[in-house]
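Here is the structure we will look at, set down as structure tokens.
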Amino acid sequence: MTNELIKAFNLIKEKQWVDLTHTFGPDSPHFSAFDSAEFQTLFNHNDGFFAQSFKFAGQYGTHLDAPIHFVQNTRYLDELGLKELVLPLVVIDRSKEAAENNDFTLSVEDILTFEAEYGAIEEGTFVALRTDWSKRWPNIEAFENKDTNGNNRAPGWSLDALKFLFTERKIKAVGHETFDTDSAIDFQRNGTLLGEHYVLEQDTYQVELLANLDKVPAKGAVIFNIVPKPEKASGFPVRSFAILP
């Protein structure tokens with residue numbers, strides 16, 4: 001049996017697939033306001049089968065935030081359409097800058113520099129910010145990267161950069177390797193996550209704590225964000241992966 005769909009499937013299977021998802025557990029880095037995950041064995045093979053119970057915040061491990069996470073009267077996770085979760089992937093690499101300056105905040109100028117090399121960012125894409133922060137996983141201390149005052153130091157998006165991408169380039173969603181959309185220094189300066197609120201206010205989603213963006217090209221790949229469908233959820237761990245061109 002063959003048709004256009006089967007031919008496309010066979011082509012996709014020949015390509016390289018890259019897992020963009022961290023394995024997570026009770027000892028993994030997580031947002032400090034959340035309790036650590038709890039994994040419990042309910043039955044083992046001596047009982048006839050192996051089954052477990054899992055307890056964790058929806059925003060745990062590599063996860064997808066639905067609009068309702070920050071914005072009232074918007075969509076829950078289960079209301080996101082399947083075709084929204086599969087998008088062309090653009091990866092902006094600023095890993096060198098983030099290594100030199102842990103407070104690195106992506107600017108509009110950074111985006112224009114990227115476009116000068118790779119061309120304009122296309123409409124309807126998923127844009128990921130590569131900082132290589134994911135390489136610190138699963139070391140909690142390295143991931144939080146606290147300064148002498150106990151504040152996290154981590155890179156992120158500027159509000160201006162996000163506004164440019166959504167209004168001028170009309171992208172669909174974003175992702176990053178850190179706990180938050182905003183850089184830690186912007187959060188401390190503003191006292192709130194303006195960038196994260198803005199993204200979710202666009203009636204779309206974002207994926208946080210992505211991994212392996214260093215294995216994906218700047219353009220040409222496709223991202224799949226396969227997420228469970230709990231009722232009225234604000235977010236949930238996701239299995240994100242990319243298929244390379």
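FYI, the numbering just counts along the sequence from 1. Computed from a predicted structure; not experimentally measured.
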Would you call [X]-[Y] a salt bridge at under 4.0 Å N-O?
{"X": "D78", "Y": "K232", "value": "no"}
{"X": "D147", "Y": "R153", "value": "yes"}
{"X": "E122", "Y": "K219", "value": "yes"}
{"X": "K163", "Y": "D160", "value": "no"}
{"X": "E177", "Y": "R130", "value": "no"}
{"X": "E79", "Y": "K229", "value": "no"}

Should the ring pair [X] and [Y] be called parallel, tilted or perpendicular, given that the plane angle runs from 0 to 90° and is split at 30 and 60?
{"X": "F34", "Y": "F31", "result": "perpendicular"}
{"X": "H45", "Y": "F50", "result": "tilted"}
{"X": "W137", "Y": "H22", "result": "parallel"}

Side chain to side chain donor-acceptor pair (under 3.5 Å) partner of R239, the single match among T62, D19, N225: D19

Criterion salt bridge (charged side-chain N to carboxylate O under 4.0 Å, His left out) on K172 and E123, from CA distance to verdict: CA-CA 7 Å; K172 180 59 183 175; E123 182 176 343; over 6 Å; no

Distance check, rounded to the nearest 0.5 Å: [X] atom [atom1] versus [Y] atom [atom2]?
{"X": "S134", "Y": "L213", "atom1": "OG", "atom2": "CG", "answer": "6.5 Å"}
{"X": "T125", "Y": "I171", "atom1": "OG1", "atom2": "CD1", "answer": "6.0 Å"}
{"X": "Q16", "Y": "K215", "atom1": "CD", "atom2": "NZ", "answer": "8.5 Å"}
{"X": "I223", "Y": "L89", "atom1": "CD1", "atom2": "CG", "answer": "5.0 Å"}
{"X": "N101", "Y": "T131", "atom1": "CG", "atom2": "OG1", "answer": "12.0 Å"}
{"X": "T74", "Y": "Y76", "atom1": "OG1", "atom2": "OH", "answer": "8.0 Å"}

Would you find a donor on one side and an acceptor on the other, under 3.5 Å apart, between the side chain of [X] and the backbone of [Y]?
{"X": "H63", "Y": "G61", "result": "yes"}
{"X": "D132", "Y": "K135", "result": "no"}
{"X": "N190", "Y": "F187", "result": "no"}
{"X": "T192", "Y": "L194", "result": "no"}
{"X": "D182", "Y": "E196", "result": "yes"}
{"X": "N149", "Y": "N151", "result": "no"}
{"X": "N145", "Y": "E141", "result": "no"}
{"X": "E100", "Y": "E97", "result": "no"}
{"X": "T105", "Y": "D103", "result": "yes"}

Are side-chain heavy atoms of [X] and [Y] found at a separation under 4.5 Å?
{"X": "Q52", "Y": "L42", "value": "no"}
{"X": "R75", "Y": "I68", "value": "no"}
{"X": "W157", "Y": "V127", "value": "yes"}
{"X": "V108", "Y": "L112", "value": "yes"}
{"X": "E117", "Y": "T113", "value": "no"}
{"X": "I12", "Y": "W17", "value": "yes"}
{"X": "I243", "Y": "F224", "value": "yes"}
{"X": "H176", "Y": "L210", "value": "no"}

Nearest heavy-atom pair of [X] and [Y]: which atoms, and what distance?
{"X": "L20", "Y": "N212", "value": "CD2-O, 3.9 Å"}
{"X": "V238", "Y": "L64", "value": "CG1-N, 3.9 Å"}
{"X": "V207", "Y": "S240", "value": "CG1-OG, 3.8 Å"}
{"X": "A173", "Y": "L87", "value": "CB-CD1, 4.3 Å"}
{"X": "L77", "Y": "A66", "value": "N-CB, 3.5 Å"}
{"X": "S158", "Y": "A161", "value": "OG-N, 3.0 Å"}

If you group Ile, Leu, Val, Met, Phe, Trp and Tyr by side-chain heavy-atom gaps below 4.5 Å, do [X] and [Y] land in one group?
{"X": "F54", "Y": "Y60", "value": "yes"}
{"X": "L193", "Y": "L200", "value": "yes"}
{"X": "L209", "Y": "L85", "value": "yes"}
{"X": "L80", "Y": "V71", "value": "no"}
{"X": "L162", "Y": "F104", "value": "yes"}

Assess whether atom [atom1] of [X] is packed by more than 12 heavy atoms of other residues, nucleotides or ligands within 6.0 Å.
{"X": "F43", "atom1": "CZ", "result": "no"}
{"X": "K146", "atom1": "NZ", "result": "yes"}
{"X": "E109", "atom1": "CD", "result": "no"}

Aromatic ring proximity, centroids under 6.0 angstrom, F56 and F24: yes

Check: F143 ring centroid to F179 ring centroid under 6.0 Å: yes

F70 vs V199, side-chain contact (heavy atoms from CB on, under 4.5 Å): CA-CA, chis, key distance, verdict: CA-CA 9 Å; F70 266 55; V199 170; over 6 Å; no

Full working for side-chain contact (heavy atoms from CB on, under 4.5 Å) between F241 and V18: CA-CA 6 Å; F241 62 92; V18 175; over 6 Å; no

From CA spacing to verdict: side chain to side chain donor-acceptor pair (under 3.5 Å), T41, N44: CA-CA 7 Å; T41 297; N44 59 39; over 6 Å; no

Side chains of Q206 and E208, donor plus acceptor under 3.5 Å: yes

Residues I92, Y118; criterion side-chain contact (heavy atoms from CB on, under 4.5 Å); working and verdict: CA-CA 10 Å; I92 299 176; Y118 297 104; over 6 Å; no

side-chain contact (heavy atoms from CB on, under 4.5 Å) between Q59 and H30, worked out: CA-CA 8 Å; Q59 283 70 28; H30 59 276; over 6 Å; no

